[in-house]
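Following: one structure in structure tokens, then a few remarks.
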2 protein chains.
Amino acid sequence: MQNPTSRSLEHPGRDAIRLEGVLHALSDPLRLEVVRELAAADCEQSCSVFELPVSKSTTTHHFRVLRENGVIRQIYRGTAKMNSLRRDDLDALFPGLLDSVLTAAARQAGRLAAAGG
Amino acid sequence: MQNPTSRSLEHPGRDAIRLEGVLHALSDPLRLEVVRELAAADCEQSCSVFELPVSKSTTTHHFRVLRENGVIRQIYRGTAKMNSLRRDDLDALFPGLLDSVLTAAARQAGRLAAAGG
DNA sequence: CCCGTACTACGATGGCTATCGTACGAGCCA
DNA sequence: TGGCTCGTACGATAGCCATCGTAGTACGGG
């Protein structure tokens, strides 16, 4: 169906990224956690380094949602699929949004950890 | 006690507001538009001032989603139901989040208007 | 006391979404 | 080549969600 050497993935162009889509992608706890880890790592991460409490199929699904909504970039490197945040595009389109979401997520995680024990 | 009528509405306390819920509430185009108008008005607005392209039942549904996720405050004043942003709570929990979302929405609206003609 | 306005509750419906298991494809390595 | 790992595709399923129409409730005014 396509050239073996050029396994590529569809990404929305910067102009096709919609705020509603980004917010929707971030509104799932699992995906928000993935985004937080990607932001913390600040380099490409393979899908398999994320230990999500769901099956592989579901993991694939969540990464696709993030990619199709313009939140992450995905590239194949051998058998691995590397993920990175589209921080440049998001910051250009929606200045401060990603940072405030990440800050908010960190604060909430801290609050919940303190409350839950 | 601002209780003009006996009818009251359930609101989550500040500590019960969750980032995922707020992002979910804002990820719907209609609800995002409502929030933008509420932020622009900066005072209580009745449900009926919003001319949404959906039925009244659906309008009620969207306002409830915003309220149950802690984005807006609703109180009855006679037959009208007044809506206002919970800006104080949101800013305290997630500093900068609401502003960056509103800015992003305004920018995107401008971009889309310029592109669409 | 009745009526009109504003909003709600309920039931239905179609579509999306999160989840899974199984079967498969692409690349690496011995 | 054969097997191993990583990830995908597909089909199924259950739950949520946006939407509607209709019928109903609450409140203020005549």
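- In terms of the salt bridge (Lys or Arg N to Asp or Glu O under 4.0 Å) criterion, residue partners of A:Glu44 (sequence neighbours excluded) are, by chain and number, A:Arg77.
- Regarding contacts with the backbone of C:dT19, a side-chain N or O of A:His62 is found under 4.0 angstrom from either OP1 or OP2.
- When the salt bridge (Lys or Arg N to Asp or Glu O under 4.0 Å) test is applied to B:Asp89, the partners found at least two apart in sequence or on another chain are B:Arg14, B:Arg73, B:Arg86.
- Between B:Leu85 and B:Val71, the closest side-chain pair of non-hydrogen atoms falls below 4.5 Å.
- Applying the side-chain contact (heavy atoms from CB on, under 4.5 Å) criterion to A:Thr103, with sequence neighbours excluded, gives A:Arg107.
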Heteroatom pairs (N/O) under 3.5 angstrom, protein to nucleotides 11-16 of chain D:
none

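- In this view, B:Ser55 and B:Thr58 satisfy the side chain to side chain donor-acceptor pair (under 3.5 Å) rule, not counting sequence neighbours.
- If you take NE2 of B:His24 and P of C:dA18, they are 11 Å apart, rounded to a whole angstrom.
- Contacts between residues 32-57 of chain A and DNA chain C, defined by a heavy-atom separation under 4.0 Å, are made by A:Val54, A:Ser55, A:Ser57.
- At least one side-chain heavy atom of B:Arg31 sits under 4.5 Å from a side-chain heavy atom of B:His24.
- Summary of the strand contacts: B:Met82 and A:Thr58 both lie near DNA chain C, and taking for each the nucleotide with the nearest heavy atom, the more 5' one is attributed to B:Met82.
- There is a path of hydrophobic side-chain contacts, each under 4.5 Å, that joins A:Leu30 to A:Val35.
- Taking the side-chain contact (heavy atoms from CB on, under 4.5 Å) definition, one finds that B:Asp91 meets it with B:Arg87, B:Leu98, sequence neighbours left out.
- Remark: A:Gln45 pairs with no residue by the side chain to side chain donor-acceptor pair (under 3.5 Å) rule, at least two apart or across chains.
- A:Glu10 places none of its side-chain heavy atoms less than 4.5 Å from the side chain of A:Glu68.
- Heavy-atom distances under 4.0 Å link DNA chain C to A:Gly78, A:Thr79 of residues 67-80 of chain A, given in residue order.
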| field | Pair assignment for DNA chain C - dot-bracket with | for other-strand partners, Watson-Crick or G-U under 3.5 Å | value | ||||||||||||||||||||||||||||||

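- Rounded to an integer number of Å, the gap from B:His61 NE2 to D:dG21 C1' is 16 Å.
- Residue A:Phe63 contributes atom CZ, which lies 16 Å from atom C1' of C:dT19 at whole-angstrom precision.
- Applying the salt bridge (Lys or Arg N to Asp or Glu O under 4.0 Å) criterion to A:Arg36, with sequence neighbours excluded, gives A:Glu33.
- Between A:Arg64 and D:dG7 there is no side-chain N or O to OP1 or OP2 distance below 4.0 Å.
- A:Leu9 and A:Met82 fall into different hydrophobic clusters, where Ile, Leu, Val, Met, Phe, Trp and Tyr side chains are chained together by heavy-atom contacts under 4.5 Å.
- Checked against ring-ring contact (aromatic ring centres under 6.0 Å, His included), B:Phe50 has the following partners two or more places apart in sequence or in another chain: B:Phe63.
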